Asks: 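Once you've had a glance at the structure underneath, I'll fire off some questions.
Since the model is a prediction, treat every value here as computed from it, not as a measurement. Start at 1 and go down the list; that is how both ligands and their atoms are numbered.
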Amino acid sequence: MKSYRRELWFEVPSRRGFINITPQVEECLRESGVQEGLVLVNAMHITASVFINDDESGLHHDYEVWLEKLAPHEPVNQYRHNGYEDNADAHMKRQIMGREVVVAITDGQLDFGTWEQIFYGEFDGCRKKRVLVKIIGE
Ligand code: ZN
């Protein structure tokens, strides 16, 4: 069995943002040489997410509005977690958007459903953060 590991680094220049990381994951898959197997992609930070959905700007705006309704950033003193930090909302946004995705690899390709793409979701940005890509298979 082949095994491959790589960390991808992202620095989103704003508090929140979404990045389509499918091209980077496909590059990892090519490097791994795996034809049949599984890829795990997970955020290595507790205020960021990795998730799968459609690459559509209206939808990304809708996520932003929805997540701000569920866990508004302001006022920061509404959260017990905040004191030294101001990112309680980012922990909650990460919780609902998820930590990781697993995608099947078939014939050396990511075996997606229609319109599926992999995204990095940042909820406490303006600093460098990592995403782990782990690929196993033959
Ligand atoms: Zn925190």
Side-chain angles (χ1 to χ4, degrees):
M1 187 190 74
K2 288 178 183 161
S3 176
Y4 172 98
R5 181 188 190 277
R6 187 161 139 200
E7 293 176 5
L8 307 174
W9 287 82
F10 299 98
E11 185 167 4
V12 173
S14 52
R15 180 169 280 274
R16 290 185 294 278
F18 299 112
I19 301 173
N20 186 338
I21 63 170
T22 310
Q24 289 96 319
V25 177
E26 287 173 338
E27 186 188 317
C28 291
L29 179 53
R30 279 193 296 275
E31 278 183 13
S32 76
V34 169
Q35 293 294 306
E36 296 291 327
L38 293 171
V39 54
L40 165 75
V41 187
N42 69 268
M44 299 180 82
H45 300 264
I46 50 182
T47 54
S49 289
V50 172
F51 61 94
I52 291 179
N53 216 299
D54 192 356
D55 192 0
E56 197 265 305
S57 61
L59 186 57
H60 295 171
H61 171 79
D62 294 341
Y63 287 146
E64 167 66 15
V65 172
W66 178 63
L67 290 167
E68 272 298 290
K69 276 185 202 158
L70 287 174
H73 177 64
E74 302 275 359
V76 296
N77 67 6
Q78 72 188 298
Y79 300 105
R80 290 190 187 183
H81 176 72
N82 289 338
Y84 178 72
E85 289 190 291
D86 67 351
N87 65 1
D89 67 304
H91 290 273
M92 292 174 184
K93 287 164 177 149
R94 178 266 170 83
Q95 201 63 30
I96 202 133
M97 295 301 282
R99 171 183 181 264
E100 78 277 305
V101 300
V102 176
V103 181
I105 300 161
T106 305
D107 292 332
Q109 305 288 321
L110 298 174
D111 202 341
F112 283 136
T114 307
W115 303 115
E116 285 190 331
Q117 297 281 287
I118 305 171
F119 293 89
Y120 175 72
E122 178 61 77
F123 307 116
D124 186 18
C126 303
R127 55 200 173 98
K128 292 186 84 174
K129 289 171 142 180
R130 290 176 295 162
V131 167
L132 177 66
V133 179
K134 182 83 179 191
I135 300 172
I136 55 171
E138 297 292 342

Asks: Using only atom types and a distance under 3.5 Å, with no angle test, would you say the side chain of Asp124 pairs donor to acceptor with the backbone of Thr47?
Replies: no
Asks: Indicate, with yes or no, if the rings of Phe119 and His60 have centres closer together than 6.0 Å.
Replies: yes
Asks: About how many Å separate CG of Asn87 and NE2 of His73, when rounded to the nearest 0.5 Å?
Replies: 8.5 Å
Asks: Roughly how far, to the nearest 0.5 Å, is NZ of Lys2 from CD of Glu138?
Replies: 7.5 Å
Asks: What do the steps show when you test Asp55 against Gln117 for side-chain hydrogen bond (donor to acceptor under 3.5 Å, both in side chains), and what is the final call?
Replies: CA-CA 6 Å; Asp55 192 0; Gln117 297 281 287; over 6 Å; no
Asks: Parallel, tilted or perpendicular for Tyr63 and Trp66, by the 30°/60° rule?
Replies: tilted
Asks: Check the Zn ion (ligand 1) and write out every protein N, O or S atom at under 2.8 Å, as residue and atom.
Replies: His81 NE2, Glu85 OE1, Asn87 OD1, His91 NE2
